[in-house]
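Side chains are part of it too, since the values below use all heavy atoms of this structure and drop only hydrogens, waters and symmetry mates. Quick note on labels: first sequence line is chain A, next is B, and so on, each numbered from 1.
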Number of protein chains: 2
Amino acid sequence: MDLTHNHFSSQDCGDCPIRHRAVCARCDARELDELEQIKYYRSFEAGQTIIWSGDRMDFVASVVTGIATLTQTMEDGRRQMVGLLLPSDFVGRPGRERAPYDVTATTDLVMCCFRKKPFEEMMIRTPHIGQRLLEMTLDELDAAREWMLLLGRKTAREKIASLVAIIGRRDAALHLSGKKGPLTFDLPLTREAMADYLGLTLETVSRQISALKRDGVIELEGKRHVIVPDLDRLLEEAGDDTDGGLLV
Amino acid sequence: MDLTHNHFSSQDCGDCPIRHRAVCARCDARELDELEQIKYYRSFEAGQTIIWSGDRMDFVASVVTGIATLTQTMEDGRRQMVGLLLPSDFVGRPGRERAPYDVTATTDLVMCCFRKKPFEEMMIRTPHIGQRLLEMTLDELDAAREWMLLLGRKTAREKIASLVAIIGRRDAALHLSGKKGPLTFDLPLTREAMADYLGLTLETVSRQISALKRDGVIELEGKRHVIVPDLDRLLEEAGDDTDGGLLV
DNA sequence: CTCTCGCCTTGATGCAGATCAAGTAGGATT
DNA sequence: AATCCTACTTGATCTGCATCAAGGCGAGAG
């Protein structure tokens, strides 16, 4: 979700930094109070599965800190990531009983949850919450469609460059950094998780990261920390024309 | 979008069969009248492009009859379909100026359009329109995620079987057919369009269709008309566990 | 009737990425 | 310091799909 969205207001964030951002920057005091009643926090450790596909899901939630993923698995074990949730992203669907995907914490994670039933009731009484959710869902749909282009038509090298660009930009947006020096950030995913994101094997991911490093498109410190000396070069490698897009 | 959705009511559809279905099965008379004011029809021929990516788009619309596609294109011409719009599907995003994808009619097509500005204003005054749009968008997001699994992890044979199953089921749903005999329907896409849908080349599409035919999974009359003698067999070939899913 | 054009099929070959298989690096445990 | 373990890297080989190339077929036009 786009952190620069015009409805956000970092000023009015109280003790729950996400609640306001995600659903109710436009709420009045009574509504905030009502949300407060149905809200609770949950913490997870890296690697922990939050919900298995098919499980009953009686809450909706915002990611506060950390990273979660949505994945689908076929009977024979093939896995595809279908959602990457960074702080401020929303998970859960009003009006659905059961989770359609596995939700997993890939780093230590804190989520701000709302009990589903009262949240749904509140949504009906409070239209702008639904409107905000619609905006967020439409953004997610756009991201999914960019992702489909990546999965269907990009080469392994382009996929890796795209992933690095996506994470780098979202990270920069999160830290609200005013353009200074080369983009630098940690990859918050294992090679295997990247492979599940990109529809590749982890060996191919590793090889292509090495290739981009060898060719000077990225630099690595350790295995996770990335330095992008030239963002335009990276975007070119990613096969991206649209450079406003690609926000997951 | 799911035609069996509980908010649909085929009874209350007037001269615009889609208007009610898509956005306002719950509208009262005044609201219907208001929609009437901002509504108009547009027809397109097979193959015609409705909007190019980047164009200004001053309407939202429902497909009445025929089929449209959303596609993305890279600079070098690689193309990926990211949306398949069948009758009753919605296209356009309130709050967005420009189209992010090419929209093309793949068959003769009639759309029921609403001028965007007044539609947006009406959405704010009439919450259940927004709620219905949220439901539809969430369904589309689910479909996009199934599609991502297909693009990222399925083999060419599984992809073809999945596509045939998706189209066959949606066709069956549209005709509200009460289970009778083997599933039979037309593929509304050229081999090239199927390739763009599936992230394959048209040659591979052709070969795999031939293979499924040879193996008795499907039968063909001409090049487009498909008979599915055993749906379970087809779904097995598609690698589908979830057999409620896969509605695009 | 036959020409033509779009759409489709089939064959031959090549290559990107999967698969199989070792081996390395670094952090935690003892 | 020795060990173990997990995450990662790199090499060798295999294969599924892309690519290049040559027809086939059916519908509409003349």
Considering non-hydrogen atoms only, spot the tightest contact between A/Leu150 and A/Ser162 and give its length. CD1-CB, 3.6 Å
Please find the pair of heavy atoms, one from A/Asp89 and one from A/Leu85, that lie closest to each other, and give the distance. OD2-CA, 3.5 Å
Note, B/Tyr101 side chain near A/Asp142 side chain (heavy atom, < 4.5 Å): yes
How close do B/Lys159 and B/Leu198 get, heavy atom to heavy atom, and via which atoms? NZ-O, 2.9 Å
Should the ring pair B/Phe59 and B/Tyr40 be called parallel, tilted or perpendicular, given that the plane angle runs from 0 to 90° and is split at 30 and 60? perpendicular
List for me each residue that meets side-chain contact (heavy atoms from CB on, under 4.5 Å) alongside A/Arg79, sequence neighbours excluded, and say none if there are none. A/Thr71, A/Thr73, A/Asp196
Given B/Asp240, which partner from the list B/Arg233, B/Lys154, B/Arg169 fulfils the salt bridge (charged side-chain N to carboxylate O under 4.0 Å, His left out) test? B/Lys154
Salt-bridge criterion met for B/Glu203 and B/Arg207 (N-O under 4.0 Å): no
Please round to 10 degrees the angle between the axis of the first five pairs and the axis of the last five pairs in the helix from C/dC1-D/dG30 to C/dT30-D/dA1. 30°
With the criterion being N/O to N/O and under 3.5 Å, what pairs connect the protein with nucleotides 3-5 of chain D, and how long is each?
none

Is the number of heavy atoms from other residues, nucleotides or ligands under 6.0 Å of B/Glu75 CD greater than 12? yes
Is there side-chain contact between A/Val103 and A/Phe44, with heavy atoms separated by less than 4.5 Å? no
For nucleotides 6-8 of chain D, print each protein N/O atom paired with a nucleotide N/O atom at under 3.5 Å, atom names and distance only.
{"unit_1": "D/dC8", "atom_1": "OP1", "unit_2": "A/Arg224", "atom_2": "NE", "d": "2.9"}
{"unit_1": "D/dC8", "atom_1": "OP2", "unit_2": "A/Arg191", "atom_2": "N", "d": "2.9"}

d(NE2, A/His225; P, C/dG26) in whole Å: 16 Å
Within the 4.0 Å limit for protein heavy atoms, which parts of nucleotides 16-21 of chain C are touched? Write it as a string from 5' to 3', B for base, S for sugar-phosphate only, - for none. -SSBB-
Between side-chain atoms of residues 216-224 of chain B and protein atoms elsewhere (two or more places apart, or another chain), which donor-acceptor pairs fall under 3.5 Å?
{"unit_1": "B/Arg224", "atom_1": "NH1", "unit_2": "B/Leu187", "atom_2": "O", "d": "3.2"}

Can you give me the closest heavy-atom contact between B/Ala68 and B/Leu109, atom names plus distance? CB-CD2, 3.9 Å
